[in-house]
Amino acid sequence: MTTEKAMAVDIKALGKVAVLMGGRSAEREVSLMSGNGVLAALQSKGVDAHAFDPAEREMSELKRDGFDRCFIALHGRFGEDGTVQGALELMGIPYTGPGVMASSVAMDKLMTKRIWIAEGLPTPAWRQVHSAEETVAAFRALGSPMIVKPVREGSTIGLTKVSSEAQCAQAYALASKLDPLVMCEQFIAGDEVTCPVLGTGAAARALPVIRIVAPDGNYDYQNKYFTDDTKYLVPCGLPEGEEAAIQALVLKAYLTLDCRGWSRADVMIDATTRKPWLLEINTSPGMTGHSLVPMSARAVGLSYEDLCVSLLATASLDHAG
């Protein structure tokens, strides 16, 4: 694997920077961890960076206080779903990551799947459900085990792996508490991997694939962020040719949704057929000590600090004029 070179960035030209963190989503705690990591990294490189929590301050203060650009380290709703991106567009303040439409679509797992299917990209079968009874019907159609999850949450919050009809009601109740939109998804047994993408358009490229080995195969919220029991394999150790195929698939998925700047896609590889299946794409990936984009970037020689500066330098607007 060739070593990535950090792009040459004029630090002073970045101006006054707000690192948006915290927010009002169910992922607030993780967002604060990501944001503080990014803030420290940018400041270590001489960037005039400041913490900004939209749950505690009005967004209009970004304009009032003369911020020139924003690094979005918010996760979930009210940060990763196009709402904050739209506010920044109105104020004319460039920001990291995909624009309004791409962020909004990617946050909605149903819309993402519909677009990927329309473009011929593989994603597990699913059903949208509105009740416990419909969840049972989905279980009978999709088979056991089945995943039940809120459509517009991240970090596996509200997700249940269901292996019997008796579990369906509780799984639906949990997911519907977090989002009125609930989906059931076919479970793919096999290797769980993730792959970041950096860049925009023709310049976008996939970073190394990371294979995730969680305790008992349970890569939940706790095992993602608060334990050291999960193993992350980079190099991923997949059979020859599989990593390149996954990178190509993820890059196409990224470009299909018109993402820019950066994102990270989650993929399951069927243990029997070795076919990769797209699960979802994260347009404001985690930047904590357990996060995967920095891990993948390190594998090609890009430090956490240089990654943060490089991402900040790509901050842009949908409508620059």
Tell me whether L233 shares a hydrophobic cluster with M295, the cluster being built from Ile, Leu, Val, Met, Phe, Trp, Tyr side chains joined at under 4.5 Å.
no
Mind checking whether T283 and C259 have side chains closer than 4.5 Å, heavy atoms only?
yes
Work out which heavy atom in T288 is nearest to a heavy atom in M33; give both atom names and the distance.
CG2-CB, 3.7 Å
Mind checking whether L181 and Q128 have side chains closer than 4.5 Å, heavy atoms only?
yes
Apart from I147 itself, which Ile, Leu, Val, Met, Phe, Trp or Tyr residues share its cluster (side-chain heavy atoms under 4.5 Å, direct or through members)?
L159, F187
Is a donor from one side chain sitting under 3.5 angstrom from an acceptor on the other, for H75 and S34?
yes
Pairs touching residues 137-148 that satisfy salt bridge (charged side-chain N to carboxylate O under 4.0 Å, His left out), sequence neighbours left out
R140-E165
Run the numbers on V182 and V151 for side chain to side chain contact (heavy atoms under 4.5 Å, CB included), then give the verdict.
CA-CA 5 Å; V182 177; V151 170; 5.6 Å; no
Kindly say whether V38 contributes a backbone atom to a donor-acceptor pair with the side chain of Y304 at under 3.5 angstrom?
yes
Could you tell me whether a side-chain N or O of R211 sits under 3.5 Å from a main-chain N or O of C236, the two making a donor and an acceptor?
yes
Hey, is the main chain of L311 close enough, under 3.5 Å, to the side chain of T314 for a donor-acceptor pair?
yes
Mark yes or no for whether E80, through its side chain, and S284, through its backbone, hold a donor-acceptor pair below 3.5 Å.
yes
Rounded to the nearest 0.5 angstrom, the OG1-CD distance for T135 and Q170 is 12.0 Å
Who pairs with A265 by side chain to side chain contact (heavy atoms under 4.5 Å, CB included), at least two apart in sequence or on another chain?
V250, I281
Report yes or no: do L121 and V209 belong to one cluster of Ile/Leu/Val/Met/Phe/Trp/Tyr joined by side chain heavy-atom distances under 4.5 Å?
yes
Provide the closest heavy-atom pair for L142 versus A125 in the form atom of the first, atom of the second, distance.
CD2-CB, 3.9 Å
Mind checking side chain to side chain contact (heavy atoms under 4.5 Å, CB included) for T272 and listing every partner two or more places apart, or none if nothing turns up?
D270
Minimum heavy-atom distance between S31 and G22, given as atom pair plus value:
OG-N, 2.8 Å
Beyond-backbone contact of W126 with L110, side-chain heavy atoms, under 4.5 angstrom:
yes
Shortest non-hydrogen contact between S303 and D306, atoms and distance
OG-N, 3.1 Å
For L62 and R64, what are the C-alpha separation, side-chain angles and deciding distance, and is it a side chain to side chain contact (heavy atoms under 4.5 Å, CB included)?
CA-CA 6 Å; L62 289 166; R64 186 200 69 189; over 6 Å; no
Using the side chain to side chain contact (heavy atoms under 4.5 Å, CB included) criterion, which residues pair with R24? Sequence neighbours excluded.
A55, F78
H50 side, atom NE2; L20 side, atom CG - distance, nearest 0.5 Å
13.0 Å
Same cluster or not: are L39 and I11 linked, directly or through other Ile, Leu, Val, Met, Phe, Trp or Tyr residues, by side-chain heavy atoms under 4.5 angstrom apart?
yes
Can any side-chain N or O of Y254 pair as donor or acceptor with the backbone N or O of G199 at less than 3.5 Å?
yes
Counting N and O atoms only, with roles assigned by atom type, does the side chain of S103 sit under 3.5 Å from a partner on the main chain of V100, one being a donor and the other an acceptor?
no
For the atom pair CE (M107) and OG1 (T83), what is the distance rounded to the nearest 0.5 Å?
9.5 Å
Are the side chains of D48 and V17 in touch, meaning some heavy atoms are under 4.5 Å apart?
no
By salt bridge (charged side-chain N to carboxylate O under 4.0 Å, His left out), which residues pair with R77, not counting sequence neighbours?
E153
Is there a side-chain contact between V293 and W262, using heavy atoms and a 4.5 Å cut-off?
yes
With side chains defined as the heavy atoms from C-beta onward, is the minimum distance between C70 and L88 less than 4.5 Å?
yes
Taking S163's backbone N and O only, do any of them form a donor-acceptor pair with S144's side chain (distance below 3.5 Å, no angle check)?
yes
How long is the straight-line distance from OG1 of T256 back to CG of L251, given to the nearest 0.5 Å?
9.0 Å
Derivation of the side chain to side chain contact (heavy atoms under 4.5 Å, CB included) call for V19 and M21
CA-CA 6 Å; V19 179; M21 66 177 84; 3.9 Å; yes
Interatomic distance, CG@D191 vs CD1@I212, rounded to 0.5 Å, equals 10.5 Å
Look at the side-chain heavy atoms of Ile, Leu, Val, Met, Phe, Trp and Tyr, link any pair under 4.5 Å apart, and say whether M111 and L255 land in one connected group.
yes
Would you list the pairs meeting side chain to side chain donor-acceptor pair (under 3.5 Å) in which at least one residue belongs to residues 84-96, sequence neighbours left out?
E89-Y95, Y95-R260
Determine whether the side chains of T194 and D266 contain a donor N or O and an acceptor N or O closer than 3.5 Å.
yes
Rounded to the nearest 0.5 Å, what separates atom CG in L14 from atom CG in L42?
8.5 Å
I'd like to know if the side chain of S25 and the backbone of E27 have a donor-acceptor N/O pair within less than 3.5 Å.
yes
Got V193 and I210 here, is their nearest side-chain heavy-atom distance under 4.5 Å?
no
Apply salt bridge (charged side-chain N to carboxylate O under 4.0 Å, His left out) to D108 and list each qualifying residue two or more places apart in sequence or on a separate chain.
none
Would L278 and T112 count as a side chain to side chain contact (heavy atoms under 4.5 Å, CB included) here? Give the steps.
CA-CA 10 Å; L278 292 160; T112 298; over 6 Å; no
Restricting to non-hydrogen atoms, name the atom on P54 and the atom on G23 that form the minimum distance, rounded to 0.1 Å.
CD-N, 4.2 Å
Charged N to carboxylate O below 4.0 Å: is that the case for R274 and E242?
yes
Closest heavy-atom pair and its distance - P208, A299:
CG-CB, 4.2 Å
Residues at least two apart in sequence or cross-chain that pass ring pair (Phe, Tyr, Trp, His ring centres under 6.0 Å) with H130, listed by chain then number, are none
Check E61, K16, M91 against F67 for a side-chain contact (heavy atoms from CB on, under 4.5 Å) and give me the one that passes.
K16
Between Q43 (side chain only) and A40 (backbone N and O only), is there a donor and an acceptor less than 3.5 Å apart?
no
Are V267 and L279 close enough that some pair of their side-chain heavy atoms sits under 4.5 Å apart?
no
Who passes salt bridge (charged side-chain N to carboxylate O under 4.0 Å, His left out) against D65, sequence neighbours left out?
R57
What residue pairs, at least two apart or across chains, pass salt bridge (charged side-chain N to carboxylate O under 4.0 Å, His left out) with a residue in residues 170-188?
K113-E185, K149-E185, R152-D179
Establish whether M287 and V47 are linked, either directly or via other cluster members, by ILVMFWY side-chain heavy-atom contacts under 4.5 Å.
yes
Listed partners of E56 passing salt bridge (charged side-chain N to carboxylate O under 4.0 Å, His left out), at least two apart
R28
